[in-house]
Protein chains: 2
Amino acid sequence: MTAPTPTQAKLLMPMADYVLENGLQTASLRPLAKAAGTSDRMLIYHFDSKDVLLGHIMRFIAEQMATGLATTLSSTGPMPAHTLLTRVWDLAQRSEMRRTLRIWLELTSMAARGDDTTQAVAQDIADRFLDWTAAHLKTPTLAPVVLTHFEGLVVLQEAGRADVANQSLAALKDILGER
Amino acid sequence: MTAPTPTQAKLLMPMADYVLENGLQTASLRPLAKAAGTSDRMLIYHFDSKDVLLGHIMRFIAEQMATGLATTLSSTGPMPAHTLLTRVWDLAQRSEMRRTLRIWLELTSMAARGDDTTQAVAQDIADRFLDWTAAHLKTPTLAPVVLTHFEGLVVLQEAGRADVANQSLAALKDILGER
DNA sequence: ACAAAAATGTAGCACATGCTACAATCCTGA
DNA sequence: TCAGGATTGTAGCATGTGCTACATTTTTGT
């Protein structure tokens with residue numbers, strides 16, 4: 001929960017990058033240390049334990065996702081649900097966004113069984129997604145529907161059924177109309 | 001890819017149960033062996049390697065999910081999209097179903113980075129979900145939408161935002177109407 | 001300037017992991 | 001019956017894990 005000290009902050013960026021590239025499960029101290037240009041010994045010294053360290057990394061990534069969202073479509077006004085969904089889906093195809101969403105999925109599946117920190121971070125990210133969605137909708141009440149559908153699209157894509165995701169998107173266009 | 005021998009089949013059920021209860025990531029040879037009443041040595045003997053073993057376990061679980069689906073709502077005719085979604089969502093609240101869906105999420109997040117076997121199983125399960133959905137819909141064309149939404153509901157629930165999932169379900173009822 | 005504290009390097013421990021070597025037992029068919 | 005394969009137990013290896021002990025250097029406050 002405590003905010004990172006300056007020393008910690010400097011280490012967090014390269015480690016977050018490593019996690020985004022290689023996943024959370026496989027993130028062990030030695031590779032993380034190497035990515036940050038230090039040693040496992042130092043990571044424990046600065047962060048006390050691996051759990052605490054991973055907590056910081058997850059929060060850092062969450063923050064990164066949030067600021068990413070904030071600057072995305074920031075200049076556009078509220079739009080119909082389907083327009084927003086389509087635009088976000090386009091963005092989600094960009095490789096940098098995909099790896100972020102992949103971590104988000106991984107985090108969610110960990111949260112189901114994980115410790116309090118993991119659950120809190122997952123919940124936090126979900127909340128930010130929801131707020132951001134509502135802020136861009138002509139009908140903010142639809143935010144839960146749009147978010148739910150987006151999460152579903154991500155799952156199908158990672159399950160290797162991007163085609164079904166696209167069919168779903170197309171079908172939803174007719175259903176939602178101009179809401 | 002090869003079907004399990006009788007000897008393998010006997011071991012698979014308790015191991016699948018262990019995985020459903022404890023997750024895929026933490027499934028190492030010794031606990032799996034203990035669950036199946038044998039030794040790690042024997043597991044390797046019967047399955048050659050852990051990767052092959054996990055492949056069998058995943059396929060076993062997939063099969064279990066498929067037959068579970070086949071017998072679920074089997075006596076009911078085709079129904080409107082929202083009715084089906086609501087019914088399935090109710091079923092998903094049952095603890096035995098929830099742990100299955102949890103594994104499904106975990107498998108999906110693994111497939112994103114995983115080997116061919118993992119990806120194939122994930123894709124297979126998604127396909128079966130889709131077919132099953134289409135078979136129960138008055139308008140089978142809506143199957144992708146319904147499935148996508150369901151996956152999204154699962155994600156939100158595991159992320160600790162079941163409330164948002166429920167809001168989403170309620171809102172979708174108005175949108176879908178009687179289709 | 002200098003003692004205390006912070007920061008770092010080196011080495012290694014204790015444990016869990018997948019997997020193997022080797023020997024012993026069990027079971028089958030001729 | 002009994003040779004040969006199938007099956008299993010015991011012990012252990014090599015590697016990766018989180019973390020620590022200890023000594024050393026660097027920084028900081030007075």
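Side-chain atoms are counted along with the backbone in the values below, which use heavy atoms only and exclude waters and symmetry mates. Every chain is numbered from 1, with letters handed out A, B, ... down the list of sequences.
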Side-chain (Thr108(B)) to main-chain (Trp104(B)) donor-acceptor, under 3.5 angstrom = yes

ask   = dA24(C) C1' sits how many Å from Tyr45(B) OH, rounded?
value = 14 Å

message = Measuring only between side-chain heavy atoms, which start at C-beta, is Phe47(B) closer than 4.5 Å to Met15(B)?
response = yes

ask   = For Phe47(A) and dA7(C), what is the distance between atoms CZ and C1' respectively, to the nearest whole Å?
value = 14 Å

ask   = Salt bridge between Arg99(B) and Glu106(B), side-chain N to carboxylate O under 4.0 Å?
value = no

query = With hydrophobic residues grouped by side-chain heavy-atom distances under 4.5 Å, do Leu73(A) and Leu147(A) end up in a single group?
reply = yes

query = Do any N or O atoms from the side chain of Gln157(B) and from the backbone of Ala162(B) form a donor-acceptor pair under 3.5 angstrom?
reply = no

inquiry  = Classify the ring geometry of Phe150(A) against Trp89(A): parallel below 30°, tilted from 30° to 60°, perpendicular beyond 60°.
reply    = perpendicular

request  = Take the protein atom CD of Gln25(A) and the nucleotide atom C1' of dA16(C), then report the distance between them rounded to whole Å.
outcome  = 17 Å

inquiry  = Any side-chain N or O of His46(B) below 4.0 angstrom from OP1/OP2 of dT8(D)?
reply    = yes

All N/O contacts under 3.5 Å from nucleotides 17-21 of chain C to the protein, with atom names and distances to one decimal?
| residue | atom | partner | partner atom | Å |
| --- | --- | --- | --- | --- |
| dT17(C) | OP1 | Ser28(B) | OG | 2.5 |
| dG18(C) | OP1 | Lys50(B) | NZ | 2.6 |
| dG18(C) | OP2 | Leu29(B) | N | 2.9 |
| dG18(C) | N7 | Arg30(B) | NH1 | 3.1 |
| dG18(C) | O6 | Arg30(B) | NH2 | 3.1 |
| dC19(C) | OP2 | Lys50(B) | N | 2.8 |
| dC19(C) | N4 | Arg30(B) | NH2 | 3.4 |
| dC19(C) | N4 | Asp40(B) | OD2 | 2.8 |
| dA21(C) | N6 | Arg41(B) | NE | 3.4 |

query = How close or far is atom P of dG16(D) from atom CG of Leu32(A), stated in whole angstroms?
reply = 16 Å

key: Spacing between Leu11(A) atom CG and dT8(C) atom C1', to the nearest angstrom   = 13 Å

